[in-house]
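Positions are given from 1 along the sequence. Keep in mind that what you see is a predicted model, and the values were worked out from it rather than measured.
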Amino acid sequence: MFKTGLVLSGGGARSIAHLGVLQGLEDLGIRPKAIAGASAGAVIGALYAAGNSPKDILESIRATASHGFINKLLSGSGLFTVAGLTQLFKDTNLPHHFEELTIPLWVSATNLLTSQTVTFSSGPLHKALIGSCAVPGVFMPVRFNGGYLADGGILDNLPVKDIRKVCEVLIGSNVNKMHGTLPKKISRLQVIDRCFHLMLAHQVAASAVFCDHYLEPKLYHYPMFELKNPDRMFNAGYRAVMAQKDEFLRMR
């Protein structure tokens, strides 16, 4: 049984806020002993579980921001490529197998053939992560273990089921809190962003009740597919932790 676990939602570029959450927890003397995540949250969890600090991960991601998150990860046909994530894994020296991580990790993805959530915690790491990030209509599904993997957030964007069983205290971080504003002119990607928010809201709320501490950084102004303000998103995650500072100190 692990003392403290952390579950990280998906959320595309907004998942940068999870790094601020991790930094805030570290500054309060709290380090998760187990991590679970979906989609981009799983990627952040994996990079941290490999021994990278939140600020080092932020620096690796910030290095791509000058070229634009979309330009880095989108091909000419408008579909995400494997190359962008693979380069990030290389830049951060991410191990190729779950067993090489310093912190146990659970990665949630959706198997399009069985229409079920599948969770990975051993074996090849990179393919599991890329499959977990395969946003429908934007990122092609990944052929893996006889199935087709797509975004873990489709069915379970806050994957508490497996990690809850092995942790005394579970902290949840959700970067997809619903908000009631939309721009006057809305793009195709913003429509996808909004639809994902609507799809995720109820299932995340159902999972949140299993968390002992629950965080929702304020990210209303940051689109899912744009990484222009990584530092601001990082700070939003940090502020979310500090808003509950007293509770976390009591937990420690």
Side-chain angles (χ1 to χ4, degrees), residues 5-27 31-74 80-109 120-135 139 142 144 149 151-153 159 173 175 217 222 224-238:
L6 177 65
V7 57
L8 305 174
S9 77
R14 284 191 296 265
S15 293
I16 296 299
H18 292 317
L19 293 173
V21 168
L22 284 162
Q23 187 63 58
L25 293 174
E26 282 194 2
D27 287 353
R31 295 182 63 90
K33 302 301 182 183
I35 300 174
S39 195
V43 172
I44 297 297
L47 297 177
Y48 185 78
N52 296 289
S53 73
K55 290 185 178 179
D56 284 343
I57 299 170
L58 177 65
E59 185 58 39
S60 294
I61 296 174
R62 188 192 289 118
T64 73
S66 60
H67 304 292
F69 182 66
I70 297 300
N71 294 336
K72 174 77 174 180
L73 295 180
L74 292 180
F80 275 0
T81 67
V82 175
L85 287 173
T86 300
Q87 185 61 49
L88 178 61
F89 297 160
K90 181 178 179 181
D91 291 345
T92 54
N93 297 312
L94 184 70
H96 286 270
H97 293 86
F98 281 86
E99 291 81 1
E100 299 174 77
L101 298 172
T102 58
I103 298 174
L105 176 72
W106 288 262
V107 172
S108 170
F120 300 97
S121 59
S122 63
L125 175 60
H126 291 199
K127 261 201 170 181
L129 291 171
I130 292 171
S132 182
C133 289
V135 179
F139 201 158
V142 175
F144 189 49
L149 301 183
D151 195 293
S173 178
V175 295
Y222 306 111
M224 180 178 178
F225 297 103
E226 185 53 72
L227 189 52
K228 289 182 178 179
N229 299 292
D231 295 282
R232 291 182 182 179
M233 289 186 280
F234 181 96
N235 290 336
Y238 190 88

To the nearest 0.5 Å, tell me how far Ile57 CD1 sits from Arg62 CZ.
12.5 Å
Distance (rounded to the nearest 0.5 Å) between Arg232 CZ and Ile16 CD1
14.5 Å
Heavy-atom closest pair, residues Val21 and Ser173
CG2-OG, 3.6 Å
Within a strict 4.5 Å, meaning less than it, do heavy atoms of the Glu99 and Ser122 side chains meet?
yes
Can you confirm whether Leu22 sits close enough to Leu58 that some side-chain heavy atom of one is under 4.5 Å from a side-chain heavy atom of the other?
no
Side-chain (Ser132) to main-chain (Ser108) donor-acceptor, under 3.5 angstrom
yes
CG of Asp91 to CG of Asp56: how many Å apart, nearest 0.5 Å?
12.5 Å
Pro95 and Glu100: which non-hydrogen atoms are nearest, and at how many Å?
CB-CB, 3.5 Å
Using modelled atom types only, decide if a donor and an acceptor are shared between the side chain of Ser121 and the backbone of Leu105 within a distance under 3.5 Å.
no
Nearest non-hydrogen partners of Pro32 and Leu6, listed with the distance:
CB-CB, 3.9 Å
Heavy-atom side-chain proximity of Leu125 to Leu94 below 4.5 angstrom
yes
Give me the atom names and distance for the closest heavy-atom approach of His18 to Ser9.
NE2-O, 2.8 Å
Sequence neighbours excluded, which residues qualify as side chain to side chain contact (heavy atoms under 4.5 Å, CB included) partners of Ala17?
Val175, Pro217, Leu219
In Å and rounded to the nearest 0.5 Å, what is the CG to CD distance from Asn52 to Glu59?
12.5 Å
One should read off an interatomic distance between Lys127 NZ and Leu149 CG, to the nearest 0.5 angstrom, of 9.0 Å
Kindly compute the distance separating CZ (Phe89) from CG (Leu129), expressed to the nearest 0.5 Å.
4.5 Å
Looking at every heavy atom in both Ala38 and Gly152, which two are closest together, and how far apart are they?
CB-C, 4.1 Å
Under 3.5 Å: donor-acceptor pair, side chain of Arg14, backbone of Tyr222:
yes
Mind checking side chain to side chain contact (heavy atoms under 4.5 Å, CB included) for Tyr238 and listing every partner two or more places apart, or none if nothing turns up?
Gln23, Asp27, Met242
Nearest heavy-atom neighbours spanning Leu8 and Gly41:
CD1-O, 3.5 Å
Any Ile35 side-chain heavy atom under 4.5 Å of Leu101 side chain:
no
Is His126 reaching over with its side chain to a backbone N or O of Leu85, donor-acceptor style, under 3.5 angstrom?
no
With the side chain counted from C-beta on, respond yes when Cys133 and Val43 share a heavy-atom pair under 4.5 Å apart, and no when they do not.
yes
Do Leu47 and Leu88 make a side-chain contact, defined as non-hydrogen atoms from C-beta onward lying under 4.5 Å apart?
yes
In the structure I gave you, are the side-chain heavy atoms of Val107 and Phe98 within less than 4.5 Å of one another anywhere?
yes
Would you say the side chain of Phe234 lies within less than 4.5 Å of the side chain of Lys55, judging by non-hydrogen atoms?
yes
